[in-house]
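Notes follow once the structure below has been shown.
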Amino acid sequence: AKFELYLEAARQPGLRESVAQWQDAFIGLAQMVLRAAGAPDPAERAPLLVTAVDGVLMYELSLAGPEPVRQRLRRRFAGILELVLTDPRK
């Protein structure tokens, strides 16, 4: 339903404010999680985390394959978290 709303907001500008509020809420939650996990620069990385998760969900849920979706998602999300929690300067 979330992705359907994104698509509909692209067609109907009147929905964009509501979608933006939802996206801001997801980003705020991601900032809190990243801050609690000790990630460097949570404000910068939170939007990246949210958009990466959205992209993985859309991609993985559209696939059919021998590996269960839950296992693929778990592996993908672990990789994303590793990237956003790591400080590349160290």
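Quick caveat: nothing in here was measured; it's all calculated off a predicted structure.
- Atom CZ of Phe77 and atom CD of Glu60 lie 8.5 Å apart (nearest 0.5 Å).
- Across all their heavy atoms, Val56 and Arg76 have their closest contact at CG1-CB, 3.6 Å.
- The only option from Val84, Asp41, Leu48, Leu29 that meets the side chain to side chain contact (heavy atoms under 4.5 Å, CB included) definition with Leu34 turns out to be Val84.
- A continuous path of Ile, Leu, Val, Met, Phe, Trp and Tyr side chains, each step under 4.5 Å between heavy atoms, connects Val69 with Met58, placing both in one hydrophobic cluster.
- Residue Leu7 belongs to no hydrophobic cluster, having no ILVMFWY side-chain heavy atom closer than 4.5 Å to its own.
- In this structure, CZ on Phe26 lies 7.5 Å from CG on Asp54, to the nearest 0.5 angstrom.
- Of the inter-residue distances, the one linking Leu83 atom CG with Leu49 atom CG reads 10.5 Å to the nearest 0.5 angstrom.
- Trp22 and Val50 end up in the same hydrophobic cluster when Ile, Leu, Val, Met, Phe, Trp and Tyr side chains are linked at under 4.5 Å.
- The environment of Glu44 atom CD is sparse: at most 12 non-hydrogen atoms of other residues, nucleotides or ligands sit within 6.0 angstrom.
- The backbone N or O of Ala39 sits nowhere less than 3.5 Å from a side-chain atom of Arg45 that would complete a donor-acceptor pair.
- Under the 4.5 Å side-chain heavy-atom criterion for ILVMFWY residues, a single connected hydrophobic cluster contains both Leu85 and Leu73.
- For Tyr59, the OH atom counts as loosely surrounded, since its 6.0 Å shell holds 12 or fewer non-hydrogen atoms of other residues, nucleotides or ligands.
- Looking only at side-chain heavy atoms (C-beta outward), Tyr6 and Leu15 stay at 4.5 Å or farther from each other.
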- [ ] Apply side chain to side chain contact (heavy atoms under 4.5 Å, CB included) to Arg70 and Arg74, showing your working.
- [x] CA-CA 6 Å; Arg70 184 176 289 180; Arg74 201 171 280 159; 3.5 Å; yes

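- The shortest non-hydrogen separation linking Thr86 to Pro40 is O-CG, 4.0 Å.
- Listed here is the closest heavy atom pair of Ala46 and Gln31: CB-CG, 3.3 Å.
- When every heavy atom of Ile80 is checked against every heavy atom of Val53, the shortest pair comes out as CD1-N, 4.2 Å.
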